[in-house]
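These notes concern the structure reproduced below.
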Amino acid sequence: MTTENPTPATPGGEKKKIIFSGIQPTGTFTLGNYLGALKNWVQLQEDYNALYCVVDLHSLTIRQEPKELRENTLSALALLLAVGIDPNKSIPFIQSHVHTHAELCWVLDCYIPYGELGRMTQFKDKSAVHADNINAGLFNYPALMAADILLYGADLVPVGADQKQHLELSRNTAIRFNNVHGNVFTVPEPYISKDVGKVMSLQTPTKKMSKSDSNPKSYISILDKPETIVKKFKSAVTDSETEIVYREGKDGVNNLLTIYAAVTGQSIGQAEQAFAGKGYGDFKLAVGEAVAEHLRPMQEQYAKIFADKAYLTEIYKQGAERALTISKRTMQKVYKKVGLVV
Ligand code: TRP
């Protein structure tokens with residue numbers, strides 16, 4: 001395994017591009033996180049030098065139960081490994097283990113106008129939800145995210161639609177800093193995957209599936225037991241028609257077809273054909289069973305990995321070491337450029 005050279009040359013002599021993404025360790029991940037993000041991350045590690053970060057520092061912007069946060073952080077790391085992130089191909093690590101993230105965040109904070117942070121829709125949304133705790137970290141959240149990305153010279157950042165504005169801010173920050181100090185940062189591009197569309201709530205299929213939904217029947221946690229998964233799909237909201245086709249206005253059916261196609265590797269058209277002439281009851285059951293079956297191997301892996309704390313520790317230590325080696329170089333450059341004594 002290479003620790004010194006984060007961008008080994010490909011046989012053609014070109015360097016692989018660098019990809020960085022992060023996920024917050026708050027609770028378990030949903031089927032939406034899995035199909036929309038994690039599955040892609042696994043694919044991407046084949047073609048890129050990938051860093052995948054459990055962003056525990058970001059989670060502190062919302063009040064956390066310390067014991068739970070610690071548990072969730074390890075669980076998130078175990079999940080990354082269980083879905084197929086391979087530490088021999090990419091670098092999985094825990095954000096707080098690599099001190100350069102908080103350090104670069106501070107410097108970037110001094111290069112981001114207050115007004116720009118105030119315009120972030122996530123800040124406004126979260127401030128509304130957590131009106132009793134609108135802290136400076138919540139406001140600075142995008143600066144830490146920019147630090148995550150810019151430390152590693154990431155070329156590409158896979159993010160969902162809700163994080164595009166933050167990525168735009170990272171780009172602006174990199175450009176602004178470079179304009180003052182010369183070419184220090186790579187300006188990252190969003191990576192838009194050609195994957196399944198959004199996975200929607202099973203109860204309100206016009207809304208995105210979310211683990212913060214107050215109704216647990218609306219989302220599938222990727223660690224839900226097979227029986228629970230099937231049960232939740234059985235109670236999924238559809239419509240008052242009978243036809244299983246993908247059509248505007250049939251949000252519930254569309255969502256189930258999308259999910260079925262994603263987990264079976266079929267096209268939507270093939271999925272429609274598979275259910276031609278069937279009733280909604282059979283359809284929902286079949287989708288539930290397909291999802292449960294699809295998640296089973298990953299769940300088994302997860303249980304094994306999460307139980308093996310020594311292995312997890314080894315992985316996060318190694319990840320932190322490799323991430324630090326790379327990010328320190330950027331940090332030194334930045335400190336030098338801004339005039340600190342290095
Ligand atoms: N803010 C991201 C989210 O909530 C998580 C994140 C933190 C991230 N740092 C990142 C994503 C860097 C991509 C790159 O989804």
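In listed order, ligands and their atoms are each counted from 1.
Below 3.5 Å of separation, one finds no N or O of Ser21 facing any N or O of ligand 1. Remark: ligand 1 and Tyr141 share an N or O pair separated by less than 3.5 Å (distance only, no angle test).
Of the heavy atoms in Val159, only side-chain atoms (C-beta onward) come closer than 4.0 Å to ligand 1. Looking at Leu167 against ligand 1, nothing comes within 4.0 Å, counting heavy atoms.
Given atom 9 (N) of ligand 1, the protein heavy atom at minimum distance is Asp148 OD2, 2.7 Å. Among all protein heavy atoms, the one lying closest to atom 12 (C) of ligand 1 is Phe20 CE2, 3.5 Å.
Contact atoms of ligand 1 toward Val55: 7 (C), 9 (N) (distance under 4.0 Å to a heavy atom of the residue). Per-residue contacts place Val157 under 4.0 angstrom from the following atoms of ligand 1 (heavy atoms of the residue considered): 13 (C), 14 (C).
Contact annotation: Gln24 has at least one heavy atom less than 4.0 Å from an atom of ligand 1.
In this structure, Tyr111 and Phe177 have tilted ring planes: the angle between them lies in the 30° to 60° band. The aromatic rings of Tyr152 and Phe20 lie parallel to each other, their planes meeting at an angle below 30°, with 60° marking the opposite boundary.
When each of Tyr260, Phe275, Phe233 is tested with Phe283 by the rule ring-ring contact (aromatic ring centres under 6.0 Å, His included), just one qualifies, namely Phe275.
For atom 13 (C) of ligand 1, the choice among Ala37, Ala154, Gly22 with the nearest heavy atom turns out to be Gly22.
Residue Glu241 places its CD atom among more than 12 non-hydrogen atoms of other residues, nucleotides or ligands, all under 6.0 Å distant.
Using a cut-off of 4.0 Å between Lys/Arg side-chain N and Asp/Glu carboxylate O, Lys17 and Glu189 are scored as not salt-bridged. Salt bridge absent: Glu314 and Lys317 never bring a charged side-chain N and a carboxylate O closer than 4.0 Å.
Side-chain atoms of His58 and Asp148, non-hydrogen and from C-beta on, do get closer than 4.5 Å to each other.
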